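Data block below; observations after.
These values consider heavy atoms only, across backbone and side chains, with no hydrogens, waters or symmetry-generated copies. Quantities reported herein were computed from a predicted structural model and do not represent experimental measurements.
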Amino acid sequence: MTFTRPKFRHPDLPPNALGYTRRDYEGALSTLCAGCGHDSISNAIIQACYELPLEPHRVVKMSGIGCSSKTPAYFLGRSHGFNSVHGRMPAIATGANMANRDLLYLGVSGDGDTASIGLGQFTHVVRRNLNMVYIVMNNGCYGLTKGQDSATADRGSTSKKGAPNLFESIDLCELAIQLGAGFVARGFSGDKIQLVPLLKAAMSHKGFSLVDVISPCVTFNNTNASTKSYQYVRDHAEATGTLDFIPLRQEITTEYQEGSTQEVPLHDGSVIYLYKGEGARDITNRRAAMDSLESHRVESRIMTGILYFQEGIEDTHEMIKTSQQPLNALQQEDLCPGNAALQQLMEGYR
Amino acid sequence: MEKIISINDCVIRFANVNGSGSASANNLFAKAVFRLGVPVSPKNIFPSNIQGLPTWYEVRVNEHGYLGRRGGADLIVAINGQTLRQDYDEVLPGGYFLFDSTRPLPDDFSRTDITVIAIPLTELCNREIDNPRLRQLLKNIVYVGALAHLLDMGLEVFIDSLQKQFRKKPQLAEPNIKALEIGYTYAKDHYPGACLLSIKKSDRAGNAILMDGNSALALGAVYAGATVAGWYPITPSTSVIEAFDKFTKKFRLEPESERRRAAIIQAEDELAAIGMVIGAAWNGARSFTATSGPGLSLMSEFLGLAYFAEIPVLLVDVQRAGPSTGMPTRTQQSDILAAAYASHGDTRHVLLFPCDPKECFDMMADGFDLAERLQTPVIIMSDLDLGMNDHISAPLAWDDDRRYDRGKVLTASELDGLKDWGRYRDVDGDGIGVRTIPGIHPTKGSYFTRGSSHNEYSAYTEDGATYERGMLRLLTKWETARGLVPRPHEKIAAPDTRIGVIFFGTSTHAAYEAIDILQKQGLSINSLRLRAFPFQQEVIDFINRHETVLVIEQNRDAQMRKLLLAESEIPASKLVPILHFDGLPITAQFIAERIRQALAARKSEIKGGSL
Ligand SMILES: Cc1ncc(C[n+]2csc(CCOP(=O)(O)OP(=O)(O)O)c2C)c(N)n1
Ligand code: SF4
Ligand SMILES: [Mg+2]
């Protein structure tokens with residue numbers, strides 16, 4: 001057991017534009033294993049919220065069950081959190097979002113939580129394009145129940161248990177793109193430089209954002225023969241292009257050379273600048289995104305970065321045309337039609 | 001042959017083919033009886049099928065206002081060839097059999113104890129109605145027209161109803177009225193005075209309404225301020241949400257934008273449906289779902305979470321015949337135990353038992369108040385009979401002075417002044433903590449909700465003593481619930497009688513009628529109608545005051561009796577089960593007969609000295 005954030009770690013970091021220090025975004029001390037990828041993701045979430053910046057109390061953290069789903073206790077201590085039941089975070093997030101459309105919903109899940117028991121809920125929350133950020137801490141195994149293979153474990157990948165996984169794996173990113181998600185990214189818990197802007201972009205996107213983060217389980221699935229080990233991912237990861245995320249209020253200080261970057265504007269005025277490497281592709285092209293994922297898969301390479309991006313897809317509230325006001329703010333006067341209307345209605349039942 | 005003679009007291013059964021458009025004609029008939037001021041109680045007996053299988057619609061007409069199912073049929077309108085024989089055989093001796101004589105009855109239909117009324121419905125329609133697409137539908141209206149004559153009801157009330165129904169499309173009323181007249185005239189010309197059943201104008205219906213329980217529940221949700229509904233289609237609960245959809249379109253659209261002050265999400269399954277309700281309730285919106293047995297089973301893990309994390313959800317269970325898929329279009333009260341203790345671990349839930357549409361409406365409003373006051377799930381236990389059939393009921397009413405009880409929720413300004421707040425601290429001694437809603441205060445009141453064990457400050461704990469404290473506090477809350485849930489209705493026939501009955505929900509009307517039947521035979525019985533779980537002391541007192549208490553319910557396993565025994569110190573021998581579970585609504589005759597039998601058996605037992 002480690003305590004990842006000793007008190008002396010960030011003594012003098014300046015407050016952000018909203019006046020919050022980084023510590024305002026921290027949570028309770030982690031009880032995960034030392035070196036667990038999930039802790040690095042928690043740190044990246046803290047960093048992203050601090051940098052963006054977000055008001056902590058306007059963020060809601062939600063999760064299912066698993067080591068990964070415990071992490072919301074370890075970041076954003078000033079936000080309300082809801083650790084629900086195994087695989088059902090999307091339903092809780094959907095209901096919460098229906099009640100108040102104005103908060104940022106940050107869902108955290110594991111690969112077991114999402115790709116097995118919760119696969120149904122996952123696919124449907126994508127289809128409905130719920131306005132939320134959905135982070136999968138993907139370690140290819142069930143950490144909390146001691147290392148069984150999960151549905152994202154690659155075929156042949158071998159965990160500490162020693163037997164190669166027999167079954168085909170589920171690629172959550174590919175699934176999400178196929179189901180119409182507007183923001184799909186893959187990160188690696190060991191690459192904070194990439195992960196923080198990915199998270200910031202996901203948090204700024206309106207609609208469903210999936211960030212699938214490969215997050216090694218040091219205790220059960222960090223073997224030489226595992227495709228979710230630190231070493232394997234370092235050796236096989238390939239970024240779609242490094243990126244900068246420039247929030248709306250922030251001045252652009254870097255000079256972006258013509259042709260070297262793809263500029264992707266977001267609904268709130270923020271901009272993602274993607275540095276195109278060799279063979280870079282347009283991340284707003286859905287077919288190309290699927291192709292690319294497939295070819296990487298065949299070649300056993302792991303594609304990271306923003307895999308697909310599309311602004312302007314209607315979210316659930318827009319699809320079903322709910323009030324612009326948060327439903328939980330409506331008062332009895334707004335909701336109850338009163339007895340006169342009821343008595344008039346009764347005439348139809350006589 | 002002695003014909004059955006009656007005024008405003010009969011059962012008329014329609015035998016139709018599912019999906020043939022008979023429902024609206026049959027409804028028209030029932031409504032006409034009601035509009036003549038005569039209490040009426042129609043029951044759909046329908047298959048789990050969209051088209052083709054037999055379906056029956058049974059209308060009980062009763063001047064005295066007995067609204068339970070009576071059983072037996074005085075007049076059967078037999079439109080379904082598949083069941084012709086069965087329907088013919090089931091007419092009560094002295095009764096009447098109306099059929100489509102376009103095809104004559106087979107020779108072996110030779111009863112001499114009934115009156116056969118032959119009306120060539122198909123032939124009449126083919127001859128008189130030009131539009132071939134309308135013929136099939138209007139055939140149903142033609143028999144309604146014939147009934148208008150046979151039962152002395154006159155055409156006026158039917159024509160009125162049709163004009164009202166087609167107010168916006170008068171051109172549709174016209175062929176319907178014509179069809180009515182065709183049937184009426186045919187019956188008048190060929191069967192004058194043949195039928196000695198009649199339905200005469202009366203004033204017994206008062207200002208009552210005729211409504212299905214599911215619509216009343218939906219209206220209750222609108223009036224109680226529900227804004228979020230997650231659901232998954234299942235008979236017989238679907239129409240709760242369909243009605244909520246309809247009523248929120250009527251009452252909750254914002255004037256210009258046409259945006260709705262409600263979010264209704266058809267979920268991928270019932271797990272998701274209840275999850276959405278929990279998420280929304282946690283986030284401060286009144287939210288609910290409606291389901292039936294199979295859905296309740298799927299929801300149980302989440303119900304445990306809502307119980308333990310203390311989230312105010314409202315769940316409607318419109319019960320149907322189980323187990324498993326069971327008889328999905330037949331009624332039962334067989335989810336009592338599954339609902340009371342839904343979920344693993346030590347879990348228990350507040351249940352409400354409405355018996356008519358008015359109570360559906362009231363209990364929906366009360367249910368939301370209770371859920372938020374108690375911060376726990378409240379389950380409304382309706383059933384198919386109440387939910388999908390029309391019932392006579394006192395009109396729904398809303399008290400404009402009534403304010404929603406949102407329970408203990410801190411506002412931003414209350415949070416400002418707050419020092420030591422813990423989500424699960426029992427500051428008032430009623431077992432109920434104080435909630436906060438996300439997003440309202442920048443620095444105070446956030447907490448981490450979890451289904452794992454937690455201390456008073458909602459922090460994770462595996463400390464046994466802390467866990468026990470929390471579990472015991474939930475029991476304190478249970479006692480608070482006992483004081484808040486709707487009280488039972490007691491009717492004392494004779495203070496000194498030693499016999500009592502207990503019933504609830506849709507057994508109510510048949511039970512009261514059975515009590516009257518037995519009273520006429522000289523047997524006085526006191527009654528108590530349960531309206532909620534947990535049971536109040538007065539329920540236990542009622543049982544203790546009587547020597548024998550019969551518990552009437554519509555399931556095989558005497559679930560309410562078991563619940564009463566589990567939740568009290570009553571000796572089991574005191575409670576005698578009266579059980580009905582064939583899937584059709586329970587009847588007064590059945591109850592009266594079983595009570596007589598049970599009491600006779602008891603008497604001989606006592607004589608034999610075994611008690
Ligand atoms: C209904 C139910 N079934 C099983 C479990 C046991 N369980 C807890 S966590 C878990 C797997 C978690 O795996 P994952 O989501 O990948 O999270 P990780 O621990 O790997 O981060 C399981 C099966 C449970 N809590 N609930
Ligand atoms: S078991 Fe694996 S996933 Fe769980 S905390 Fe330890 S390293 Fe992380
Ligand atoms: Mg995992």
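- For B:L305, the part sitting under 4.5 Å from any heavy atom of chain A is the side chain, from C-beta outward, and nothing else.
- Only the side chain of B:K250 comes within contact range of chain A, judged by heavy atoms closer than 4.5 Å.
- Only the backbone of B:A208 comes within less than 4.5 Å of a heavy atom in chain A; its side chain stays farther off.
- Of the atoms belonging to B:Y447, heavy atoms from both backbone and side chain fall under 4.5 Å from chain A.
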Note to self: Pair B:F308, B:T347 - check side chain to side chain contact (heavy atoms under 4.5 Å, CB included), show working.
What the structure shows: CA-CA 8 Å; B:F308 195 44; B:T347 309; over 6 Å; no
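- Contact of the A:L76 side chain with the A:C49 side chain is registered, since non-hydrogen atoms from C-beta on lie closer than 4.5 Å.
- Counting heavy atoms from C-beta outward, A:L345 and B:L219 have side chains that approach closer than 4.5 Å.
- Heavy atoms closer than 4.5 Å to chain A are found nowhere in B:Q165, neither backbone nor side chain.
- Only the backbone of A:S79 has a heavy atom closer than 4.5 Å to any heavy atom of chain B.
- When the side chain to side chain contact (heavy atoms under 4.5 Å, CB included) test is applied to B:S161, the partners found at least two apart in sequence or on another chain are B:L28, B:R35.
- With a 4.5 Å cut-off on non-hydrogen atoms, B:I274 does not touch chain A at all.
- If you run salt bridge (Lys or Arg N to Asp or Glu O under 4.0 Å) between B:E254 and each of B:R261, B:R259, B:R260, only B:R261 comes through.
- Interface residue B:F361: only side-chain heavy atoms are found under 4.5 Å from chain A.
- In this structure the side chain of A:E55 reaches within 4.5 angstrom of the side chain of A:Y20, judged on heavy atoms.
- Heavy atoms closer than 4.5 Å to chain A are found nowhere in B:I392, neither backbone nor side chain.
- For the pair B:T227 and A:M98, the minimum side-chain heavy-atom distance is 4.5 Å or more.
- Contact annotation for A:Q331: neither backbone nor side-chain heavy atoms come within less than 4.5 Å of a heavy atom of chain B.
- Interface remark: A:I320 contributes side-chain atoms only to the contact with chain B (heavy atom separation under 4.5 Å).
- Applying the salt bridge (charged side-chain N to carboxylate O under 4.0 Å, His left out) test to B:R435 and every residue at least two apart in sequence or in another chain returns B:E372.
- If you measure heavy-atom distances from A:P56 to chain B, you find no contacts under 4.5 Å at all.
- Contacts between A:R128 and chain B at a heavy-atom distance below 4.5 Å involve the side chain alone, from C-beta outward.
- For B:A397, the parts lying under 4.5 angstrom from a heavy atom of chain A are both the backbone and the side chain.
- A 4.5 Å side-chain heavy-atom check between A:N129 and A:H317 finds every atom pair outside the cut-off.
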